[in-house]
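As structure tokens, the structure follows; a few thoughts come after it.
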Amino acid sequence: MQCGDSQACQIIIDHVIPFLGVFTGLTIYLAPWKDVHASLRLGTLLDSVNPLVFSTMAPNCIGWVLYGMYNQNYYVAVPSFLGYLFGTYYLLITGGMSSPDRQRLAIRTYLGFISLVFVSSIVSFISLSTLNGGSVGKQLVGWTCVLILVFMYASPLTTMWEVLKTRNSASIGLPLALGKFV
């Protein structure tokens, strides 16, 4: 959007709208807090807690941290770093309470996506940073993050079979679903 000479428009574009993105991201990262800690208190996972969500959240967020730093966009980097910390924390807590099969799936998912983030970042920083003023490298990191983001948003759907079988949607946590809807 072009603001022309309007300083108010430029402030809205450069600061207000990105701050709304920060708020939305933090809402998503904090949404599972209550259910994860209720599981921790009970010593067992609540139906609304799906560790696979966190095994995609942490790599997605570290990817956005790298993307934000690469683009010098702290509205992306700083909240994504917090998301990485929350995602890792949630994964460590819920992964230990999961069945062995879910633990293996969560670990493989985490390792696969974190490897993808770092490989694309290394390729971008080392070999693509000189192409087209660095835009090719930025695009590679950005598209990698978007790919993982799709999996992060889709990860709650892994419980859909259970929802359909039992006709109970408790496995889809309301705060996280609302945070992702916004």
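All figures in this text were calculated on a predicted structure; none of them were measured in a lab.
- Taken from CE in M57 to OH in Y84, the straight-line distance is 13.0 Å, to the nearest 0.5 Å.
- More than 12 heavy atoms of other residues, nucleotides or ligands sit less than 6.0 Å from atom CE of M97.
- Hydrophobic clustering (ILVMFWY, side-chain heavy atoms < 4.5 Å, transitive): I28 and L85 are in one cluster.
- Side-chain contact between L66 and F118: present, with at least one pair of heavy atoms (C-beta onward) separated by less than 4.5 Å.
- Between L147 atom CG and S120 atom OG the span is 9.5 Å, to the nearest 0.5 Å.
- V141 and G63 make their closest contact through CG1-O, 4.1 Å (heavy atoms, listed as atom of the first residue, atom of the second, distance).
- For the pair A58 and Y110, the tightest heavy-atom approach, listed with the atom from each and the gap, is CB-CE1, 3.8 Å.
- Legend: residues meeting salt bridge (charged side-chain N to carboxylate O under 4.0 Å, His left out) with R104, ordered by chain and number and at least two apart, are D101.
- The distance from atom OG1 of T144 to atom CG of N60, rounded to the nearest 0.5 Å, is 11.0 Å.
- Considering only heavy atoms from C-beta on, I93 stays 4.5 Å or farther from F54 through its side chain.
- Under a hydrophobic-cluster definition in which Ile, Leu, Val, Met, Phe, Trp and Tyr are linked whenever side-chain heavy atoms come within less than 4.5 Å, directly or via other members, F19 and I13 are assigned to different clusters.
- For C61 against S80, the heavy-atom pair with the smallest separation is CB-O, 3.1 Å.
- P51 and L45 make their closest contact through CG-CD1, 3.9 Å (heavy atoms, listed as atom of the first residue, atom of the second, distance).
- With contacts defined as side-chain heavy-atom distances shorter than 4.5 Å, the pair Y67/I62 does not qualify.
- The shortest distance between side-chain heavy atoms of V36 and L40 does not fall below 4.5 Å.
- Summarising the geometry of M69 relative to A77, their closest heavy-atom pair is SD-CB, 3.7 Å, with the distance given to 0.1 Å.
- Here the CG atom belonging to N50 is positioned 14.5 Å from the OH atom belonging to Y90, to the nearest 0.5 angstrom.
- The distance from the CG atom of L91 to the OG1 atom of T109 is 9.5 Å, given to the nearest 0.5 Å.
- No close placement of the F86 and Y29 rings is indicated, their centers lying 6.0 Å or farther apart.
- Note: the hydrophobic cluster containing L111 also contains V117 (ILVMFWY, side chain heavy atoms under 4.5 Å, direct or indirect links).
- Shown here for Y70 and S124, the closest heavy-atom pair between the two residues is OH-O, 3.3 Å.
- Under the rule for a ring-ring contact (aromatic ring centres under 6.0 Å, His included), the partners of Y89 that lie at least two apart in sequence or sit in another chain are W33, H37.
- Side chains of V53 and T94 form no contact here, defined as non-hydrogen atoms less than 4.5 Å apart.
- Using a 4.5 Å cut-off between side-chain heavy atoms of Ile, Leu, Val, Met, Phe, Trp and Tyr, with links allowed through other members, L82 and Y74 fall into the same hydrophobic cluster.
- Applying the side chain to side chain donor-acceptor pair (under 3.5 Å) criterion to Y75, with sequence neighbours excluded, gives H15.
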Check: Run the side chain to side chain contact (heavy atoms under 4.5 Å, CB included) check on S55 and L52 step by step: do they pass?
Finding: CA-CA 5 Å; S55 66; L52 192 58; 3.3 Å; yes

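- Contact check for V76 versus N71: no side-chain heavy atoms found under the 4.5 Å cut-off.
- Atom CZ of F113 sits about 10.5 Å away from atom CG of L149, to the nearest 0.5 Å.
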